[in-house]
2 protein chains.
Amino acid sequence: MYSIQEVAQICDLSPHTIRYYDKEGLLPFVARTKSGNRTFSDTDLELVKLICCLKNTGMPIKEIKKYMDMVVEGSGTAEERKQMMIAHRREVARQMDEMRKNLNIIDLKIKFYETGRH
Amino acid sequence: MYSIQEVAQICDLSPHTIRYYDKEGLLPFVARTKSGNRTFSDTDLELVKLICCLKNTGMPIKEIKKYMDMVVEGSGTAEERKQMMIAHRREVARQMDEMRKNLNIIDLKIKFYETGRH
DNA sequence: GTTCGACTTCGAGCGAGGTCGAACTAAATC
DNA sequence: GATTTAGTTCGACCTCGCTCGAAGTCGAAC
């Protein structure tokens, strides 16, 4: 079991941010100790990592919440979750493509400066 | 010469956003007509496109402003601008790398769902 | 000469995603 | 039993990047 501090360090988040995620409903799976402290299992940790992955690829908090709610709901939602991931995958691929194009523009700009045509 | 509306359409921005960019100092090069309307040359248009490229790759408004101020300042700032572009290029490459890793995680997740281990 | 449409400035408001601090609690150490 | 450390809640605040609306101006068409 991991404390909020440990999860924060592993996932490069602040404990504040993790509590914020919890408040927003992203962590419906997190258990508490007797004294009310959040406690994360290995499975929970993996889910937090997934949250980071989705967040860092631009999925809004609200949509991540939907996904996590479905995870808690159980295997009946597996197909819907899969479809969500597939849709998000497409979106990420699109973003990377745009990135590539912009990287190209930046490279051209650098070449301009290198050939002195600035 | 292009009107604000035309630039907006070409660059997929709203006229509001372009005025906001101007207010923030991103467009120190923009000329005005007698009656005070903004008017963009082809060179200006290219700079607006560059602004979009930098913005879409995560460069903050304030840093874009610095760059544009240097553009207006003239060729004396060329080396500094080049260094800025090189630094940004690195940052974009880093982002793309992170993207790739995250795409991989998403792909694994999809595979999990496909093999029924959800 | 008035009406229209596209522009102008200005300042307020908004949504997303945190970020922070105050006040409190619980368990562990001295 | 007092202190320290790590956690808790709650609500206020912050930054970024817009977004919008009100009120006004200008030039062209009718």
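Letters A, B, ... are given to chains in the order of the sequence lines, protein chains preceding strands, and every chain is numbered from 1.
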Checklist line | Residue pairs fulfilling salt bridge (charged side-chain N to carboxylate O under 4.0 Å, His left out) with at least one residue in residues 67-79 of chain B, sequence neighbours excluded | finding: B/K65-B/D69
Check: Would you call A/R94 and A/E91 a salt bridge, taking side-chain N to carboxylate O under 4.0 Å as the test?
Finding: yes
Check: Any idea which heavy atoms bring B/L13 and B/C52 closest together, and the distance?
Finding: CD1-SG, 3.7 Å
Next item on the list: Give B/T33 one of three labels, base, sugar-phosphate or nothing, depending on what nucleic acid heavy atoms sit under 4.0 Å from its own.
Entry: nothing
Notebook entry, point to check: Does A/E98 pair with A/K101 as a salt bridge, N-O distance under 4.0 Å?
Noted result: no
Checklist line | Whole angstrom value for the distance that separates P of D/dA6 from CD of A/E6 | finding: 11 Å
Margin query: Students often get this wrong, so: under 4.0 angstrom with heavy atoms, is B/Q5 touching a base, only sugar-phosphate, or nothing?
Written below: sugar-phosphate
Note to self: Going by purine N1 to pyrimidine N3 plus the second Watson-Crick contact, or the G-U wobble pair, all under 3.5 Å, which nucleotide sits opposite C/dA27?
What the structure shows: D/dT4
Checklist line | Sub-4.0 Å heavy-atom contacts from residues 36-49 of chain A onto DNA chain D, ordered by number | finding: A/G36, A/N37, A/R38
Check: For A/I4 and D/dT9, what is the distance between atoms CD1 and C1' respectively, to the nearest whole Å?
Finding: 12 Å
Item checked: Whole-Å distance separating the NZ atom of B/K65 from the P atom of D/dC16 -> 15 Å
Next item on the list: Evaluate the side-chain proximity of A/V7 to A/L45: yes if any heavy-atom separation is below 4.5 Å, no if none is.
Entry: yes
Checklist line | Electrostatic pair A/D44-A/R32, nearest N-O below 4.0 angstrom | finding: no
Next item on the list: Identify the residue among A/L50, A/N56, A/I51 that makes a side-chain contact (heavy atoms from CB on, under 4.5 Å) with A/L54.
Entry: A/L50
Notebook entry, point to check: Between A/E46 and A/K49, is there a side-chain N and carboxylate O pair less than 4.0 Å apart?
Noted result: yes
Checklist line | Per-nucleotide protein contact string for nucleotides 14-27 of chain C, where B marks a base within reach and S marks sugar-phosphate only (heavy atoms under 4.0 Å, - for neither) | finding: ---BBBBB----S-
Check: Are A/I10 and A/I18 connected, step by step, through hydrophobic side chains (Ile, Leu, Val, Met, Phe, Trp, Tyr) whose heavy atoms are closer than 4.5 Å?
Finding: yes
Notebook entry, point to check: Whole-Å distance between D/dA6 P and A/I18 CD1?
Noted result: 15 Å
Next item on the list: May I ask you to verify if any side-chain N or O of B/R19 is less than 4.0 angstrom from the OP1 or OP2 atom of C/dT8?
Entry: yes
Checklist line | Euclidean distance, atom CG of residue B/D22 to atom P of C/dC7 [Å, nearest integer] | finding: 14 Å
